[in-house]
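In this text, all values refer to a predicted model and were calculated from it rather than measured experimentally. For reference, positions follow the sequence shown, starting with 1.
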Amino acid sequence: MHTVVVGTSGVTASDVLAVARDGARVELSPEALAALAAARGIVEALAAKPEPVYGVSTGFGALATRHISPELRAQLQRNIVRSHAAGMGPRVEREVVRALMFLRLKTVCSGHTGVRPEVAQTMADVLNAGITPVVHEFGSLGCSGDLAPLSHCALTLMGEGDAEGSDGTVRPAGELLAEHGIAPVELREKEGLALLNGTDGMLGMLVMALADLDLLYKSADITAALSLEALLGTDKVLAPELHAIRPHPGQGASAANMLAVLKGSELTGHHQDDAPRVQDAYSVRCAPQVAGAGRDTMAHARLVAERELASAVDNPVVLPDGRVESNGNFHGAPVAYVLDFLAIAVADLASIAERRTDRLLDKNRSHGLPPFLADDAGVDSGLMIAQYTQAALVSELKRLAVPASADSIPSSAMQEDHVSMGWSAARKLRTAVDNLARVLAVELYAASRAVELREGLTPAAASRAVIEAARAAGVRGPGPDRFLAPDLAAADVFVREGGLVAAAETVTGPLQ
């Protein structure tokens, strides 16, 4: 099994995906263990002094003015975890929780948190044992860290609360730790706070969303090309010299992908009906501009994610000169903004895909295709309601595009009086990405059906490869006395699991 080694300088997006989705093992580097020990020595020296130090010998948040005596500090650290483990609602997905834990471990290993090496090792052991804390949907305001979600993870380290074992069964965390020979941690000064104070949940969801969107944006270029072909559109608008004079990188990449898919098609630009079009509709002609803008948004989001992956987010932090300083690096605004920005781009990509689908189904705009792509229009409603489903998804995506980061609800008796809502932005983006795959699946279903109805004209080789692979994957196409749900479900799987891109790339080579 692949092993990810965590050092002091952060991790990569591929590391996060390996641990969160593929179950990669985690090891701590000697450099990280040394940094952990050094920072812990600084914290213990400060804890022995009579002067109060925030997070070491004081309360937290609005209660930071109280100096805590040495005999109560272990209890303080336990209590912060227990009191902050106050999440509610549905369980968060296993991959999100694993990303959350791994990214917290990444910051702990930076040597800026003051956590003991044995606590970090326990975090790695829990990940390697496949133990996943039960984390709930609601409880993070995206500031002072993803507090409630991280607290539920810290609770598992203490052998308390519930967790899911590698077999998928939820049981008391203490039992699961014991079965794997993992001793529960007894938290000391600063350690409880250090386990809770980070942007790890929202960052993990951003990394995974970017990975999913990389696939879906390629998928959208393919479905757009199929729709252009099915509508007898022109591929002249995809010429590289046109996109070179408006040099947005994403736009150029999307146009190049569409052009590669359409290579060799007999349907594009030469077989218009008795009312020739000077130009195709915007949803066809401007596909690269819309998808390209989303790709450039992803590039900015990826830059933010890379910076955050290299960060040590905690409060207070241990500095190399021995100071332990309070700071505001836990504020989730940088991550929250791009999460919301991506949700906007996703909604618009889905919207333009739905407009192309509607055009394919309308006999007044489809240039010779039967109404709703039906076998026997009137007796058969064809794909009419498949487009209804697609429209419902797009409407939901538009609601999900409303930014969470524009909101702020003060907390902690007005000490934490401005928050990012980044966790909420991440949660809605996950739903948006999920729905985008369904929208593209409907366009694929309609466009592949429409291409097949253009008898006597040879589609592009990549289009044929996509249609054949889709049929083999269970996307059979409409027929008399058949209902569509199984085909739509198969198309959804075909898109989200990469079958669509893989099929196209057998002809085009790697798409951008």
Side-chain angles (χ1 to χ4, degrees), residues 1-7 11 14-37 40 74 77-82 84-85 87 91-110 113-136 146 148-188 191-196 198 200-201 204 208:
M1 183 181 292
H2 177 59
T3 297
V4 173
V5 179
V6 184
V11 296
S14 60
D15 291 335
V16 176
L17 296 170
V19 174
R21 291 183 163 172
D22 301 331
R25 290 187 57 79
V26 177
E27 290 183 5
L28 310 184
S29 72
E31 175 193 25
L33 292 170
L36 284 160
R40 185 62 199 175
Q77 300 301 319
R78 289 194 302 271
N79 285 349
I80 189 175
V81 173
R82 290 168 177 164
H84 285 42
R91 284 183 58 194
V92 171
E93 302 87 354
R94 181 176 184 270
E95 67 177 15
V96 172
V97 179
R98 285 184 62 83
L100 175 77
M101 294 173 65
F102 175 65
L103 288 169
R104 195 70 223 140
L105 176 60
K106 174 267 297 183
T107 282
V108 165
C109 287
S110 69
T113 67
V115 169
R116 286 171 294 150
E118 49 265 47
V119 175
Q121 185 60 58
T122 301
M123 296 171 75
D125 291 343
V126 168
L127 283 166
N128 292 339
I131 298 171
T132 307
V134 171
V135 173
H136 300 278
D146 289 318
L150 282 163
S151 297
H152 283 278
C153 294
L155 206 62
T156 294
L157 299 178
M158 294 165 52
E160 300 180 15
D162 291 329
E164 179 185 295
S166 57
D167 62 354
T169 303
V170 175
R171 296 164 52 197
E175 292 181 9
L176 290 168
L177 294 183
E179 284 184 5
H180 291 275
I182 302 172
V185 298
E186 299 205 6
L187 300 175
R188 298 182 186 172
E191 291 180 334
L193 186 60
L195 294 177
L196 315 185
D200 309 293
M208 289 186 283

Discussion item. Among L155, V97, T156, which residue satisfies the side-chain contact (heavy atoms from CB on, under 4.5 Å) criterion with V135?
Written reply: V97

Worksheet entry | Check against side-chain contact (heavy atoms from CB on, under 4.5 Å), L187 and M158 | CA-CA 8 Å; L187 300 175; M158 294 165 52; 3.8 Å; yes

Worksheet item: So, are E164 and R91 salt-bridged, with charged N and O less than 4.0 Å apart?
Response: yes

Worksheet item: Of all heavy-atom pairs between T169 and D167, which one has the smallest distance, and what is that distance?
Response: N-OD1, 3.0 Å

Worksheet item: Are more than 12 heavy atoms from other residues, nucleotides or ligands located less than 6.0 Å from atom CD of E179?
Response: yes

Practice prompt. Might you work through the side-chain contact (heavy atoms from CB on, under 4.5 Å) test for H152 and V134, ending with a clear yes or no?
Written response: CA-CA 7 Å; H152 283 278; V134 171; 6.0 Å; no

Worksheet entry | Check: R188 main-chain N/O paired with E191 side-chain donor or acceptor under 3.5 Å | yes

Worksheet item: Do V119 and V108 touch side chain to side chain, with heavy atoms closer than 4.5 Å?
Response: no

Discussion item. Looking at every heavy atom in both C109 and A120, which two are closest together, and how far apart are they?
Written reply: SG-CB, 4.5 Å

Discussion item. Working note: C153 + L195, criterion side-chain contact (heavy atoms from CB on, under 4.5 Å); need CA distance, chi angles, decisive distance, verdict.
Written reply: CA-CA 8 Å; C153 294; L195 294 177; over 6 Å; no

Worksheet item: Are any of the side-chain heavy atoms of V16 and K106 separated by less than 4.5 Å?
Response: no

Worksheet item: Taking the side chain as C-beta and beyond, is there a heavy-atom pair between L105 and L28 under 4.5 Å?
Response: yes

Practice prompt. Step by step, work out the side-chain contact (heavy atoms from CB on, under 4.5 Å) result for V126 and L176.
Written response: CA-CA 9 Å; V126 168; L176 290 168; over 6 Å; no

Practice prompt. Heavy atoms only: give me the nearest A154-L196 pair and the separation to one decimal.
Written response: CB-CD2, 4.0 Å

Worksheet entry | E118 atom CD: more than 12 heavy-atom contacts under 6.0 Å | yes

Practice prompt. Please name the pair of heavy atoms, one in M123 and one in M101, separated by the smallest distance, quoted to 0.1 Å.
Written response: CE-O, 4.0 Å

